[in-house]
Amino acid sequence: MSTQDKPKKKKVKVTRNENGHPVEVEIEVDDVDGPSWGPRAGHTLVNHDVPRVDGPVKVSGRAPYPHDIRLPGMLHARVLCARIPAGSVRLDLESARKTPGVEVVLDLEVKEIRWLGQPVAAVAATTPEKAADGLRALAAQFQAAGFAVTPEQALAPNAPQVTRRGNKGKESENGDAEAVKAALAAAAGTARAEYSLPVQHHASLETHGVVVDYSGGDEARIYASTQSTFGISEDAAEPLGLKASQIETISEYMGGGFGAKFGLGIEGLIACRLAKLAKRPVHLLLTRKDEFLAAGNRSGSRVVMEGGIAADGKLTALRAEIERHGGIGGGSHARQPYVYSVEKVHTKSYPVHTNTDGSRAMRAPGHPQASFAIESLIDELCYAANLDLLEVRKKNLANPTYARQLERVAREIGWYEHPHRTQPGRMDQRECIGIGFGVSTWGGGGGESCEVDVRIERDGSVTSSVGTQDLGTGTRTYVASIVAEEFGLGMDGVTARIGSSRLGNANASGGSTTVASLAPAVKNAAWKARMKFAEHLAPLLGTQKELLRFEKGELVDQQSGKRIPFAKACAMLPNEGLQARGTWVADLAGNGIQGAQAAKVRVDPLTGRVEVLKMVCVQNCGLPINRLTLRSQIFGGMVQALSYALLEERIMEPSLGLQINPNFEDYKLAGSLEIGEIVAIIDDEDTREQAIGVSEATIVPGHSAIANAVANACGARVRHLPLTPDKVLAALGKV
Amino acid sequence: MSDSSADAQDPQSSSKLSRRWFLRGAGGVAAGSAFAGGLAQQAEAARARSLAAAPEVLEGDIEFELSINGQRMKLRCEPRTTLLNALRNHCEPPLTGTKQVCDRGNCGACTVHVDGRPANACLMLAVDLRGREVRTIEGLGAPGALNPLQESFWKHDAQMCGFCTPGFVMSIQACLEKQPNASLEQIKRACSGNICRCGTYPAVFEAALAVAKGGAR
Ligand code: FES
Ligand code: FES
């Protein structure tokens with residue numbers, strides 16, 4: 001873990017007037033050779049709790065999300081999604097066109113339906129109700145062909161072919177099977193089990209979609225619920241018959257993405273085509289049901305694992321055969337043994353395709369799947385060899401950060417007082433309380449992509465602009481706070497402008513790469529603006545530029561000790577004010593983070609009900625840019641993992657080829673009553689002065705820790721999530 | 001001609017309206033602590049209303065007035081329009097703070113207050129609210145003049161993407177108006193019909209408790 005050199009400082013000699021006598025003194029000033037985050041203790045906003053700048057508009061319902069855009073003459077569109085997993089469709093386009101209120105009908109001319117939910121047609125009408133009439137009037141007649149919607153169906157002999165590449169995709173293999181065999185034979189304890197995870201939905205509260213503001217002519221605006229403001233105009237050019245440069249994409253607010261919202265998407269493409277046909281603005285946001293069927297998911301998995309452990313707790317062998325369930329997509333699964341070190345490893349991994357929506361990236365793609373299998377197997381091995389669950393983890397994690405973090409979460413969750421550290425509790429106890437652990441990793445690094453503009457006007461107003469999007473992570477807030485800190489201002493001193501493809505470029509927000517790409521560019525722009533400011537004012541004030549400091553809303557000349565209010569200093573700028581553009585600075589960004597989590601649960605052995613009493617996370621991420629929004633990100637990862645552990649599962653009906661639960665009634669998300677005590681601890685022992693993204697890592701191990709805690713409480717080892725009461729009872733041999 | 005405006009043209013539409021009322025109770029209140037008494041009472045009241053009034057047949061675009069955030073609003077829409085769609089598509093200016101997420105009473109994002117009680121706007125017909133007092137998130141406070149709960153949500157970072165936030169604020173506000181010193185348990189119950197995918201719950205509880213405690217002393 002490299003720690004960047006201490007903040008750049010340098011000493012300069014200046015002449016100071018003391019009691020009327022000039023004295024030569026040496027003072028320390030910021031290095032003017034480039035921006036640095038400076039000493040941890042020196043921050044006024046960075047590494048503090050800063051309430052997000054868009055909080056007031058969000059809590060008051062004033063934030064205009066794409067769903068909320070209302071334009072004169074705007075039509076509301078609805079998409080017809082295939083109600084069969086494979087086959088063809090016949091549509092009554094004429095009836096749909098004649099339906100009152102319907103302005104345009106679009107046949108996507110799908111020859112062959114290949115997955116359940118595949119869009120086949122769309123209508124746009126004056127109200128959403130009338131658009132729904134239009135869909136009904138299409139009177140879609142689906143002719144089903146043979147299909148496979150579950151992996152079992154897809155792998156059955158004579159199964160219908162899902163993709164041209166076959167139902168079982170290309171297999172990748174790593175490691176030495178023979179060496180693993182030998183190591184297993186020599187192990188003190190072994191365990192073999194099959195672990196599986198269901199398909200999970202992103203379930204962003206704002207569904208996918210766009211509002212296309214186009215009424216003919218050669219300009220268009222697209223309001224997009226997207227993770228990539230700069231990934232839309234390009235795709236929209238063709239269907240609108242415009243150049244990408246004639247299309248502005250706006251993403252000021254968006255209601256959650258979690259990895260599923262990149263690019264224009266089929267729904268956006270449809271909206272563009274409808275707007276082009278109607279020459280009117282079109283509002284197309286998927287309905288909740290369509291969102292479930294056709295807007296991506298986290299792939300499921302089935303993993304057969306076999307592991308061996310030595311008497312001293314060293315993991316000696318692991319064999320893993322990994323099946324990825326990504327529908328028509330490939331699915332993802334991180335490499336086993338995830339972050340653990342195991343002496344001999346042999347793995348195989350391949351996708352099994354079904355006639356269902358393709359998987360997309362979802363917060364830490366592949367990691368939660370890998371985490372569940374390995375963390376479960378480790379506990380099973382510990383119990384087989386009668387070893388301490390925490391000590392075995394520490395022993396097999398090469399990076400020492402984990403041992404430290406694990407000890408911290410263990411203390412916080414009450415591990416050292418817990419009675420079941422080497423064997424699970426028994427179900428005849430009065431209270432079945434269990435504890436489980438899990439660890440995570442992610443990159444979170446950034447790269448060259450962002451262009452940030454800081455503008456200062458003579459009236460004292462400061463603007464920091466970049467086209468990036470804020471997924472709810474607090475991006476907009478640090479676009480302002482980093483600049484405010486640089487100029488010694490409060491949060492009300494700087495306005496952030498984001499969410500437009502007309503502003504400076506920014507990368508897509510995926511893989512926790514936003515902060516490490518953007519924060520350094522903001523810092524750089526702020527630093528450049530400060531240098532320019534000082535350069536301009538120094539001669540006017542008769543001092544050296546290095547001696548001008550900005551603090552507490554004032555400009556301070558360290559030579560004379562003179563203080564000028566910031567607004568007054570701005571009035572001394574040239575007429576056109578001042579502008580600086582900042583790009584990425586590699587030194588200001590880092591890469592590679594670690595986290596540990598623990599969960600404590602209560603299991604009721606009579607009903608099989610699991611209650612998560614407490615979860616603890618210790619997470620590092622270099623320099624925390626905003627501690628308040630950082631804690632929120634950690635909460636979010638933990639809560640989503642809790643939800644995955646207890647409730648979430650896409651359920652397919654194999655004979656009819658339908659999803660049984662494409663709604664929030666039957667596809668459950670954790671609500672307030674599931675939430676126990678959630679403790680998010682920022683790991684301040686990570687002293688890297690670097691911005692690093694954190695979101696993904698926080699979602700990785702929570703469900704594994706919960707499943708392990710359930711087994712620890714009373715021996716109910718559930719190897720297929722979610723941990724519903726029936727499965728807990730089955731694991732206890734009660735049903 | 002499509003057959004789909006059947007909802008509006010059905011001569012028995014008033015009984016449909018009453019079923020909507022029942023659903024409103026189920027979605028907006030059942031999850032809360034008022035389960036035992038509230039639901040049955042509401043169903044009873046709704047039945048009484050639908051029996052008392054002669055069946056009213058409404059079709060096509062109709063004009064009516066609603067009282068929203070203390071102001072008379074003129075609306076023109078089909079009778080099948082839900083309160084949620086009426087707020088978002090037929091008010092001028094559009095009241096889009098009330099969010100559409102599931103459109104079937106599962107998520108609480110569309111929570112408004114009807115005569116001071118929380119209700120899911122997606123489960124009510126707008127026309128059925130004539131003569132009632134509707135309050136939306138816009139009626140609670142505005143940037144620069146947030147109400148204490150909104151202010152607390154902001155300061156405790158009880159919003160990430162923020163799409164669920166208006167619904168949470170409305171559910172908890174209704175609870176605090178009734179129980180100014182609500183406990184954590186009561187607050188959890190008050191927003192148990194709301195979902196937040198970003199996982200803001202811990203901060204939501206903190207934000208709500210800070211206001212509840214403030215009210216107590
Ligand atoms: S939109 Fe009304 S409850 Fe979900
Ligand atoms: S803040 Fe995003 S859904 Fe609640």
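Proteins come first, then strands; the chains are lettered A, B, ... in the order of their sequence lines, and each starts at number 1.
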Contacting moiety of [X], where chain B heavy atoms sit under 4.5 Å:
| X | value |
| --- | --- |
| Leu471(A) | backbone |
| Arg52(A) | both |
| Phe258(A) | side chain |

Which residues in residues 283-292 of chain A have any heavy atom closer than 4.5 Å to a heavy atom of chain B? Arg288(A)
Considering non-hydrogen atoms only, spot the tightest contact between [X] and [Y] and give its length.
| X | Y | value |
| --- | --- | --- |
| Lys58(A) | Pro166(B) | O-CG, 4.1 Å |
| Ser192(B) | Ser672(A) | CA-OG, 3.2 Å |
| Met362(A) | Arg197(B) | CE-NH2, 3.9 Å |
| Ala670(A) | Ile195(B) | O-CG2, 3.9 Å |
| Pro128(A) | Asn89(B) | CG-ND2, 3.4 Å |

Among [options], residue most engaged with chain A (heavy-atom pairs, under 4.5 Å):
| options | answer |
| --- | --- |
| Asn147(B), Thr81(B), Asn194(B), Val204(B) | Thr81(B) |
| Asn85(B), Thr98(B), Thr200(B), Asp103(B) | Asn85(B) |
| Ala145(B), Pro93(B), Cys191(B) | Cys191(B) |
| Leu184(B), Leu149(B), Val169(B), Leu146(B) | Leu146(B) |

So that I can tick it off, tell me whether Arg631(A) and Asp157(B) are bridged by a salt bridge, with the cut-off set at under 4.0 angstrom between side-chain N and carboxylate O. no
Between Arg104(B) and Glu665(A), is there a salt bridge with N-O shorter than 4.0 Å? yes
Roughly how far, to the nearest 0.5 Å, is the [atom2] atom of [Y] from the [atom1] atom of [X]?
| X | Y | atom1 | atom2 | answer |
| --- | --- | --- | --- | --- |
| Gln100(B) | His67(A) | CD | NE2 | 7.5 Å |
| Leu669(A) | Cys164(B) | CG | SG | 11.0 Å |
| Arg88(B) | Asp68(A) | CZ | CG | 4.5 Å |

Could you look at [X] and say if it's the side chain, the backbone, both or neither that has a heavy atom under 4.5 Å from chain A?
| X | value |
| --- | --- |
| Phe205(B) | side chain |
| Thr96(B) | both |
| Val101(B) | both |
| Leu140(B) | neither |
| Thr136(B) | neither |
| Ala142(B) | both |

Going by heavy atoms in the side chains, are Thr473(A) and Met160(B) under 4.5 Å from each other? no
In the structure I gave you, are the side-chain heavy atoms of Ser632(A) and Gln159(B) within less than 4.5 Å of one another anywhere? no
State whether the side chain of Tyr65(A) and the backbone N or O of Cys161(B) hold a donor-acceptor pair below 3.5 Å, judged by distance alone. yes
Check: Leu205(A) main-chain N/O paired with Lys99(B) side-chain donor or acceptor under 3.5 Å: no
Most heavy-atom pairs under 4.5 angstrom with chain B, which of [options]?
| options | value |
| --- | --- |
| Gly472(A), Ala139(A), Gly676(A) | Gly472(A) |
| Thr207(A), Val639(A), Asp470(A) | Val639(A) |
| Ala203(A), Pro51(A), Pro56(A), Ser204(A) | Pro56(A) |
| Glu648(A), Gln633(A), Met74(A) | Glu648(A) |

Could you go through the side-chain contact (heavy atoms from CB on, under 4.5 Å) check for His90(B) and Thr127(A) one step at a time? CA-CA 10 Å; His90(B) 299 283; Thr127(A) 67; 4.1 Å; yes
Contacts of Arg363(A) that satisfy salt bridge (Lys or Arg N to Asp or Glu O under 4.0 Å) - sequence neighbours left out: none
Taken in chain and number order and not counting sequence neighbours, the residues that satisfy salt bridge (Lys or Arg N to Asp or Glu O under 4.0 Å) with Arg62(A) are none
Any residue meeting ring pair (Phe, Tyr, Trp, His ring centres under 6.0 Å) with His156(B), in chain and number order, not counting sequence neighbours: none
Looking at the rings of Phe635(A) and Tyr201(B), which for Trp means the six-membered one, are their centres under 6.0 Å apart? no
